[in-house]
Amino acid sequence: MSFDVQKALSVPDIHNIVERRDKVLARFGPIFRAPENLTQQDYLDFLSFRHNHHWTGLERLGRPAANDMNKLREAIAVLVDETEPLPRRFDTALSMLRGVGVGTLSPMLLLAYPERYGVWNGTSEPELRGLGYWPTFPRGATEGEKYKIINSVLLKLSNHLNVDLWTLDALWWQSKLERQSNGQIKDAKFKAVWAMANQAENTAKQSNGQIIEQTVKNKDLRLSKESLIEHLNDLLDENDDRCAITGLLLDFEGSDEQLRPSLDRIDSNAHYELGNLQVVARFINFWKRDTEDAEFSRLLALVRGE
């Protein structure tokens with residue numbers, strides 16, 4: 001890997017993730033190893049960055065699985081059963097759960113067995129590709145078969161860098177920043193995401209707020225810019241680069257200014273924080289203004305004749 005691990009660990013966001021490793025593993029590891037004791041609140045806490053202290057993109061995608069806790073427990077039991085081949089149990093668990101993908105299952109495996117499984121998600125994959133570590137797969141490989149191969153690469157990198165798999169997963173963000181600063185990543189999507197993060201930061205400052213984590217003030221930015229950028233990318237990936245309200249494909253290149261991505265607070269009276277952000281088309285943000293999200297969606301449906 002081409003970047004300085006110690007430098008990466010000195011970045012506050014990454015340091016905070018690594019510092020909380022033992023606490024998170026101690027809480028969630030036993031639960032995922034024995035999922036018959038998993039409660040709905042345990043699972044929802046796992047999805048939340050406030051409790052997992054690591055992943056910001058799980059909450060929206062994974063919540064539907066909590067509607068059937070018996071099936072969720074059964075799927076996790078299959079996933080962590082190491083008497084079965086990894087590809088088979090990974091694929092079976094995927095097929096059983098709605099809204100749960102590889103980016104949710106692989107963190108479960110890491111928490112259950114932190115010395116044996118790494119994370120495959122929308123952050124680690126681009127960095128593995130960009131750094132030349134992305135493996136090739138047999139034609140027709142299932143997600144489980146791909147994960148087994150990816151995990152072997154993660155294990156080798158972890159050993160090479162002399163870091164545990166939890167820490168390795170935190171390092172991908174620094175890898176991304178390094179490649180961006182070196183000019184390896186300059187695509188339109190990255191620029192659009194960076195612009196939204198800058199705008200949120202400036203809006204928070206101009207409204208007499210602060211960039212803080214817990215203190216409540218008007219229009220506060222309650223996460224660092226680096227964390228916000230990661231979260232925005234997660235939101236865009238979740239919606240396949242489409243407007244969260246209309247489903248229209250966003251235009252990162254700017255050929256249609258009204259379809260450029262725009263950061264919207266779902267509740268205009270709340271803050272720039274996890275759970276209150278969505279990416280919409282610029283004209284939708286302009287039309288919506290301070291209208292409540294549900295009310296705006298209702299009005300839009302009336303316009304569509306729905």
Side-chain angles (χ1 to χ4, degrees), residues 20-21 23-125 128 135 137-138 140-155 164-166 168-169 172 231 234-235 237-240 274-275:
R20 289 169 170 80
R21 175 193 59 207
K23 177 181 178 181
V24 177
L25 292 177
R27 176 178 179 188
F28 292 106
I31 294 173
F32 285 129
R33 287 192 295 272
E36 65 272 13
N37 299 317
L38 180 73
T39 68
Q40 185 179 68
Q41 192 58 55
D42 288 332
Y43 175 68
L44 295 177
D45 284 351
F46 156 68
L47 297 178
S48 170
F49 178 76
R50 293 181 181 179
H51 296 278
N52 68 50
H53 298 291
H54 200 333
W55 304 284
T56 63
L58 301 182
E59 198 158 13
R60 291 194 176 193
L61 293 174
R63 289 184 72 89
N67 295 331
D68 188 340
M69 288 303 299
N70 288 331
K71 180 175 284 189
L72 177 59
R73 294 186 193 100
E74 182 183 352
I76 296 174
V78 170
L79 178 69
V80 300
D81 180 5
E82 294 193 299
T83 65
E84 293 293 325
L86 175 58
R88 182 186 302 166
R89 49 193 165 95
F90 199 89
D91 287 330
T92 300
L94 272 179
S95 69
M96 295 173 67
L97 298 175
R98 176 188 169 205
V100 170
V102 299
T104 303
L105 292 188
S106 54
M108 288 182 186
L109 281 170
L110 183 148
L111 293 173
Y113 304 111
E115 296 180 355
R116 295 199 281 279
Y117 301 104
V119 173
W120 170 23
N121 60 15
T123 300
S124 62
E125 178 175 333
L128 286 166
F137 308 110
T142 66
E143 296 295 90
E145 290 166 341
K146 291 178 182 178
Y147 176 67
K148 180 180 179 181
I149 296 170
I150 293 166
N151 192 52
S152 68
V153 174
L154 295 174
L155 288 167
D164 61 276
L165 291 162
W166 169 282
L168 175 65
D169 193 52
W172 293 126
H231 185 50
D234 287 336
L235 292 175
D237 289 342
E238 175 186 330
N239 289 314
D240 297 323
L274 296 177

Subject >> Between OG1 on residue T104 and CG on residue L94, distance to nearest 0.5 Å >> reply: 9.0 Å
Subject >> Parallel, tilted or perpendicular: ring planes of W166 versus H54, cut at 30 and 60 degrees >> reply: perpendicular
Original post:
Got W55 and V119 here, is their nearest side-chain heavy-atom distance under 4.5 Å?
Top reply: yes
Original post:
Hey, are the side chains of L111 and F46 touching, using non-hydrogen atoms and a 4.5 Å cut-off?
Top reply: yes
Original post:
Which value, rounded to the nearest 0.5 Å, describes the distance between E74 atom CD and L72 atom CG?
Top reply: 10.5 Å
Original post:
How many angstroms lie between atom CZ of R73 and atom CG of D68, to the nearest 0.5 angstrom?
Top reply: 9.0 Å
Original post:
So, for L25 and P30, which heavy atoms are closest and what is the spacing to 0.1 Å?
Top reply: O-CD, 3.6 Å
Original post:
Charged N to carboxylate O under 4.0 angstrom, K148 versus E145?
Top reply: no
**OP:** Using a 4.5 Å cut-off on heavy atoms from C-beta on, say whether the side chain of R33 contacts that of V80.
**Re:** no
Original post:
A34: what forms a side-chain contact (heavy atoms from CB on, under 4.5 Å) with it, not counting sequence neighbours?
Top reply: E36, N37
Subject >> N151 vs W120 side-chain heavy atoms within contact, under 4.5 Å >> reply: no
Original post:
Do Q41 and D45 have side-chain N/O donor and acceptor atoms under 3.5 Å apart?
Top reply: yes
Subject >> D164 and E115, any side-chain heavy atoms less than 4.5 Å apart >> reply: no
Original post:
Which value, rounded to the nearest 0.5 Å, describes the distance between T92 atom OG1 and L97 atom CG?
Top reply: 11.0 Å
**OP:** State the CG-CG distance between L79 and L109, to the nearest 0.5 angstrom.
**Re:** 4.0 Å
Subject >> R116 CZ: over 12 foreign heavy atoms closer than 6.0 Å >> reply: yes
Subject >> R89 side chain to V78 backbone, donor-acceptor under 3.5 Å >> reply: no
Original post:
Tell me, do R27 and K23 make a side-chain contact under 4.5 Å, heavy atoms counted?
Top reply: no
Original post:
Do E125 and L128 have side chains that get closer than 4.5 Å, going by heavy atoms?
Top reply: no
Original post:
Is a side-chain N or O of Y43 found less than 3.5 angstrom from the main chain of G62, in a donor-acceptor match?
Top reply: yes
Subject >> Shortest non-hydrogen contact between L165 and G118, atoms and distance >> reply: CD1-N, 4.1 Å
**OP:** Please report the closest heavy-atom contact between A93 and L105, naming both atoms and the distance.
**Re:** CB-CD1, 4.0 Å
Original post:
Could you state the interatomic distance from CG (D42) to CZ (F28), rounded to the nearest 0.5 Å?
Top reply: 7.0 Å
Subject >> Considering all heavy atoms, the nearest S124-D169 contact >> reply: CB-OD1, 4.4 Å
**OP:** Keeping to residues at least two apart or across chains, list the salt bridge (Lys or Arg N to Asp or Glu O under 4.0 Å) pairs with something in residues 100-110.
**Re:** none
Original post:
Closest approach of G144 and D91, non-hydrogen atoms and distance?
Top reply: N-OD1, 2.6 Å
Subject >> Closest approach of L47 to R63 (non-hydrogen atoms, all atoms of both residues) >> reply: CD1-N, 3.7 Å
Original post:
Is the shortest heavy-atom distance from the side chain of S48 to the side chain of L274 under 4.5 Å?
Top reply: no
**OP:** Kindly indicate, with the supporting measurements, whether the criterion salt bridge (charged side-chain N to carboxylate O under 4.0 Å, His left out) is fulfilled by E143 and K146.
**Re:** CA-CA 5 Å; E143 296 295 90; K146 291 178 182 178; 3.7 Å; yes
